Amino acid sequence: MSDSKLLRGTFVLTLGTYVSRILGMIYLFPFAILVGTVGGALFGYGYNQYAIYLSIATAGMPMAVSKFVSKYNALGDYYTSRRMYRAGMKLMLVTGILAFLLLYSLAPVMSRITLGGSDLNNSLEDVVMVMRMVSVALIVVPMMSLMRGFFQGHQSMGPTAVSQVVEQLVRVVFLLASTYIVIKVVHGSLALAVGFATMGAFVGALAGLAVLIWYWKKRKPHLDKMVNEQTVTPTRISTVSIFKELLTYSLPYVFVSLAIPLYQYVDQFTFNRAMVAAGQKEIAESMNGIVQSYVPKLVMIPVSLATAFGLTLVPTITRSFVNKDYNVLQKQIDQTYQTIMFLVLPASVGLMALAGPAYTFFFGTDASDAGGNVLLYYAPVALLFSFFTVNGAILQGINKQKYAVLSLLFGLIVKIVVNVPFILMFHEIGSVLATALGYIVSLVYMFALIQKHAKYNYSEFIKRSVLILIFVAIMGINVKIVSVVIGLFTTPGRFSATVITIIGAAVGGLIYFIITYRSSLLEKVMGARVTGAIERKILRRNKQRSA
């Protein structure tokens, strides 16, 4: 496969992934206006369960299947790749049905634990209904995941990208339309509206699967030809051995990708009970919706952008480690870490400075004071999420993936141990602090392992980080001043929050850009190509003005 085709395929897949992610974030803003914080909590009860069961049912199959197919196709053994595809589809159908039956049957038990044995705003019947409605998607999504991996293994990224976007678009449209119709048109219950919203996962998955089936029918003659014209003898491998090989590839990815869902899982089973015990029964579910459903979506925006840059360096890190070129490896890890700091830290501090207005701007005035307070504490966790994701990828790149799993377990144990005590002491903020502490423990372990096994020296990263911290502090102070000044001349409400958020973000971004550009930090972190492109754009603009 040519380099240009490979790069084009990677670009298409990356673009599709991030369009899908953006759609998966922005829908929550109008959804929050329709259902409020209590509805957000109910939505989270269903989706948190769904995320865990889906991860178990798919078991990292897209990545594993892609690697399996790439390996055997490189050997010219297309027959074995096709055997795996047929057996894998049957396996995914079975695991999907089992996951559906398990979640559907356990929904009453999970719901009682989730509500903490108390009568809250959402009833036991409501939570059971939502969990059961979202569980149906588990039948379809695993098969769709395997098909995506199969196409990716053939270096065909278009089917995955298109199906991701179609799946997410159909899901979001169905979710918002059904919620609006139930609440505003037929005046149905909040629980029914949220139940239909979670059904969006099933409807979207059907759409995504339909796209993949269309691609399969279109490309099957070519794929059949590859199998029929195969010249090498097919590998003698049993179906059980195929599944073992797939699991070897997939398990490390499963554990690292489960980090955020598992932390939310801990909250789902302890948050309400701890809040009730702390005397916060009346607001328990509202705070649950803010902590688990709404604020994390805002925090994940800078995380997604930054890790996109950082993870592109991981394949080169793998190559350098295999070649034992530790000097190049040092520079590559440095660039990865500095990129994360350069992008995520200012975004986190900006969210902290604009916490109250930003929450009101995106989610409305319902519990906006509490939401802003949670965002203030949650925003710095974005940096921890980013480093955890990148460190997990680096450990996989240097063939130490088992340590990524261990680090997750260490952090998760900390979260489990301190979550209830922290909530009892600090209420909803305690959950955020417990999450932060869990990730910090994981990161300390990861950083030590990378230093040991990749022979990485942190001195240059620390020096550059200090400079970034100074610049970000200057930016944050100015953003806070701007928000306070605008607040003096506007009436509190969503319009005021919108003005403060937009102007504050623009001012903060401009200040940070000017400081980092003038100090050459932008060039040192992002490279001469970025600053060169900026300078050429400025030069063209000046020429146009003078003309």
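Everything numeric in this text was worked out from a predicted model, so none of it was measured. Positions are given from 1, in the same order as the sequence printed here.
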When you compare the side chain of F269 with that of T114, does any pair of heavy atoms fall below 4.5 Å? yes

Distance, nearest 0.5 Å, that separates OH of Y72 from OH of Y78: 15.0 Å

Can you tell me if CZ on F243 sees more than 12 non-hydrogen neighbours from other groups inside 6.0 Å? yes

Within this structure, what is the OG-CE distance for the pair S105 and M131, rounded to the nearest 0.5 Å? 12.0 Å

Looking at Y47 versus Y50, is the centre-to-centre ring distance below 6.0 Å? yes

Please list all pairs meeting salt bridge (charged side-chain N to carboxylate O under 4.0 Å, His left out) that have one or both residues in residues 180-204, counting only residues at least two apart or in different chains. none

Donor-acceptor pairs are to be reported for all side-chain atoms of residues 137-150 against protein atoms at under 3.5 Å, with residues two or more places apart or in another chain.
{"residue": "S145", "atom": "OG", "partner": "V141", "partner atom": "O", "Å": "3.1"}
{"residue": "R148", "atom": "NE", "partner": "S163", "partner atom": "OG", "Å": "2.9"}
{"residue": "R148", "atom": "NH2", "partner": "S163", "partner atom": "O", "Å": "3.4"}
{"residue": "R148", "atom": "NH2", "partner": "S163", "partner atom": "OG", "Å": "3.4"}
{"residue": "R148", "atom": "NH2", "partner": "E167", "partner atom": "OE1", "Å": "2.8"}

Side-chain heavy-atom pair T37, E285 within 4.5 angstrom cut-off: no

List the steps, then state whether side chain to side chain contact (heavy atoms under 4.5 Å, CB included) holds for T435 with Q264. CA-CA 9 Å; T435 296; Q264 291 180 325; over 6 Å; no

Check residues 186-200 and write down every donor-acceptor pair under 3.5 Å in which the side-chain atom is one partner and the other belongs to a residue at least two apart or another chain.
{"residue": "S189", "atom": "OG", "partner": "L192", "partner atom": "N", "Å": "3.1"}
{"residue": "T198", "atom": "OG1", "partner": "G195", "partner atom": "O", "Å": "2.6"}

For D267, is there an ion pair with K415 - N to carboxylate O distance below 4.0 angstrom? yes

Give me the ring orientation class for F29 and F362: parallel if the planes are under 30° apart, tilted from 30 to 60°, perpendicular past 60°. tilted

For this output row, return yes or no: ring centroids of F342 and Y512 closer than 6.0 angstrom. yes

